[in-house]
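Quick notes on the structure that follows.
Just so you know, ligand 1 is whichever comes first in the structure, and atom 1 is the first atom listed for that ligand.
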Amino acid sequence: MGTDRHFLENLLGRMTLEEKVGQLSLYSADVKLAGAETVNPALTFKAPQSRFEDIRAGRVTGVFNGYGEDYIRALQKIAVEDSRLGIPLIFGADVIHGFRTAFPVPLAEAASFEPELAERVAETAAAEAAAEGLHWTFAPGADLCRDARWGRAVESYGEDALVASQFAAARVRGFQGNDLRDPRRLMATVKHFAAYGAAEAGLDYNTAEISRTTLADHYLPPYRAAVEAGAGAVMTAFNDVDGVPASANRELLTGLLREQWGFEGFVVSDYNSDFETIVHGLAESPRDAARLCFLAGLDMCMQSGLYADQLAGLVADGAIEEAAVDRAVLRVLAAKQALGLFENPYRGLGAAFDPGPARALAREAARRCQVLLKNRDGVLPLKAGTRAALIGPFAREHQHLNGAWAIFAANGQSVNLEQGFRAAMGDQALIVEPGCGIAEALPGGLEAAVAAAAAADVVLLALGEGQHMSGESRSRTDIGLPSAQIELARAMQRTGKPIVTLLRTGRPLAIPELAELSDALLVTWFLGSETGAAVADVVLGRAAPSGRLPMSFPRHVGQAPIYYARKATGRPAREPPGPFTARYIDAEPGPLYPFGFGLGYGQVVYGPTQVSAPDLARSGAVTVSCDLTESAGVEVEEVVQLYVHDVAASRVRPVRELKAFRKVTVAAGARLVVTFELRGEELGFADGLGGWTVEPGAFEVWIAPNAEAGVPARFVLRAEEGA
Ligand code: GLC
């Protein structure tokens with residue numbers, strides 16, 4: 001990040017200790033967030049007027065989740081004109097998947113398996129948010145998620161470290177571009193560091209009870225990828241890692257992030273997470289919490305006011321060196337300077353933004369995230385002239401299109417399912433009935449839905465999660481559908497009409513009965529502003545589904561956490577089932593739909609996986625190839641996946657590990673050879689202490705359409721000469 005160090009050090013030299021502490025204190029916009037007090041009874045909210053006084057006195061470094069000409073200009077004017085040193089505020093926000101234009105949620109975006117799409121989306125979201133005066137987004141979330149019970153699966157890029165790494169890095173590039181002085185860009189924040197998605201039992205905020213090797217091998221790479229892509233900030237997680245809350249975890253914040261990864265930006269706490277080190281049982285008092293967090297490497301305090309209350313006293317008592325405070329302040333000032341805020345504190349505010357191209361991109365992204373899990377007898381795409389009954393609680397509403405963290409979305413301008421299908425099919429061919437509520441029956445709803453189905457050729461069944469059923473503090477013990485929705489689905493099945501289920505969700509759901517009674521099953525996630533248009537595009541065949549599952553869909557919640565990169569165990573489940581093997585007595589083994597799975601409207605046949613040589617050295621590489629043939633006479637976009645398995649290693653390795661993926665287009669009836677280069681160095685694994693271990697021996701390799709398909713080829717990684 002280009003900074004004029006002399007200017008910053010000169011400014012620092014003129015700052016009082018209180019002003020320095022002010023640069024480390026971030027507060028939410030002056031809106032009372034319902035429920036926050038219940039988290040921390042000691043938490044106090046300041047009235048807006050007193051916040052303005054704080055800004056005037058140089059006690060505030062920035063504000064988050066406020067935006068717009070009036071609000072931003074008013075606060076920034078106080079900071080730059082009325083405060084003693086005129087240091088500009090930084091304005092942050094949760095621009096997680098769009099600003100006013102809502103894009104697909106991160107889990108949906110991962111389903112596209114197109115990181116370059118995520119980069120374009122992030123760039124557009126940044127421009128729209130920057131035009132409302134924002135400088136800084138609290139995204140990307142890079143939390144690996146293997147447990148569908150966790151409410152924030154919706155904000156993750158799923159269960160695989162490579163997919164999550166590529167998407168997190170792509171979004172940093174999209175948000176930041178090459179120069180943060182560009183007024184259409186936002187500084188990115190990689191969060192929640194670290195292992196927030198490893199919450200035990202999928203319970204949000206819960207302890208991350210994982211081994212150091214699992215942490216290093218699977219959970220850390222996405223954060224590192226975002227740091228290496230240049231993220232300007234890192235946000236700490238609420239959870240503890242191995243008993244030490246992330247916000248006070250020196251091994252993570254200093255040992256790993258700064259000393260091993262070379263991160264030079266600043267570290268900000270999550271909302272009160274620094275104060276919560278008391279609640280966790282680490283710190284004995286607010287003073288102790290401030291000391292432990294600061295010495296661990298936490299630069300900036302979000303919302304709790306902990307540093308404002310405690311840091312100056314800790315410096316006065318010699319518990320913290322002022323030089324350490326100076327280093328933290330310089331990191332924050334450097335970020336503000338990289339954003340060009342000293343030259344132009346109103347950077348970007350009021351810039352023109354044309355939502356047209358953003359809506360077009362939202363529709364394109366929404367098309368490419370949808371995952372077709374079933375298509376019995378090719379019921380999709382619907383034939384021209386088909387009469388459809390659009391049935392379900394999500395048929396004609398606007399409230400539940402965007403999913404979690406769409407706090408700025410302009411809902412009224414969104415396209416819901418009814419609007420999307422009417423625009424595409426005309427009024428004559430579409431009948432709409434809610435049939436039931438999201439979680440409750442509707443008086444007469446089933447009867448009206450049955451009558452609508454009787455008058456149609458096909459039922460489009462719009463079921464799934466409401467917007468409030470996933471997101472922060474939205475973990476679930478039951479990841480099925482509410483019974484009212486199941487009853488509606490059964491009533492539709494009894495009509496005998498073909499059923500195309502449109503499944504809205506922020507997580508994998510356990511839906512074996514719904515999958516069985518559906519003729520087609522299309523996962524539509526939360527797709528944002530252009531939901532209806534994009535779903536109609538795919539259902540009617542204007543676009544083909546090309547998404548794949550970024551997380552395994554379990555048969556039953558009791559299988560959670562379930563993920564493809566599992567260990568073999570000494571007694572793996574096998575067919576036919578045998579006693580004393582790793583299987584439940586009351587459920588089939590494995591997921592209902594595996595990681596990487598999804599269908600198109602064409603059919604791709606994979607030939608055998610071939611390897612260019614029987615062995616390779618660590619410093620060498622092999623080419624892995626496979627012939628794809630489209631056999632249905634319909635062009636298809638295929639996400640080709642390269643997996644390896646280290647057959648024997650000093651620590652048992654997953655039965656498969658994704659090493660590369662690529663979305664390719666196979667023309668109707670065509671044959672396409674796909675190749676991947678696989679380097680010896682890539683065949684290693686993290687040893688949990690910051691090292692990378694590459695061990696010789698036999699490997700299996702697949703080029704496959706998902707994590708369970710295909711027959712492996714084998715090769716050997718040779719021992720190093722003289723080893
Ligand atoms: C929330 C979330 C975090 C968000 C922050 C600010 O609690 O954990 O992802 O960026 O607070 O809203």
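Every atom of ligand 1 is numbered from 1 in the order shown, and the set under 4.0 Å from a heavy atom of Phe238 is 7 (O), 8 (O). Applying the 4.0 Å criterion to heavy atoms of Asn65 picks out, from ligand 1, the atoms 12 (O). Interface of Phe64 with ligand 1, defined as ligand atoms under 4.0 Å from a residue heavy atom, comprises 6 (C), 12 (O). Close contacts between ligand 1 and Tyr271 involve ligand atoms 7 (O), 11 (O) [criterion: under 4.0 Å to a heavy atom]. Interface atoms of ligand 1 facing Lys191, defined by a heavy-atom separation under 4.0 Å, are 3 (C), 4 (C), 9 (O), 10 (O).
Here the side chains of Glu251 and Val244 are not in contact, with every heavy-atom distance at 4.5 Å or above.
Residue contacts with ligand 1 for Trp405 involve side-chain atoms from C-beta outward but no N, CA, C or O (heavy atoms, distance under 4.0 Å).
Ligand 1 is never approached by Glu155 to a heavy-atom distance shorter than 4.0 Å.
Looking from atom 1 (C) of ligand 1 to the surrounding protein, the closest heavy atom is Glu472 OE1, 3.2 Å.
Remark: Arg152 is not positioned above the aromatic ring of Tyr196, lacking an NZ or CZ atom under 6.0 angstrom from the ring centre and at most 45 degrees off the axis. For the pair Arg146 and Tyr563, the distance from NZ or CZ to the six-membered ring centre is under 6.0 Å and the angle to the ring normal is within 45 degrees. For Arg185 and Phe175, the positive end is not near the middle of the six-membered ring at less than 6.0 Å and at most 45° from its axis.
The residue among Asp94, Asn272, Val95 with a heavy atom at the shortest distance from atom 6 (C) of ligand 1 is Asp94.
In terms of polar-atom proximity, defined here as any N/O pair under 3.5 Å, Arg152 does make such a contact with ligand 1. Between His192 and ligand 1, at least one N/O pair is under 3.5 Å apart. The shortest N or O to N or O distance between Asp270 and ligand 1 is under 3.5 Å.
In this structure Ala169 satisfies the side chain to side chain contact (heavy atoms under 4.5 Å, CB included) test together with Arg173, Ala225, Ala229, sequence neighbours excluded.
Using modelled atom types, one finds no donor on one side chain facing an acceptor on the other under 3.5 Å when comparing Thr505 with Trp525. Inspection of the Gln370 and Thr524 side chains reveals no N or O donor paired with an N or O acceptor under 3.5 Å.
Listed by first then second residue, pairs satisfying salt bridge (charged side-chain N to carboxylate O under 4.0 Å, His left out) with a partner in residues 191-203 read Asp94-Lys191, not counting sequence neighbours.
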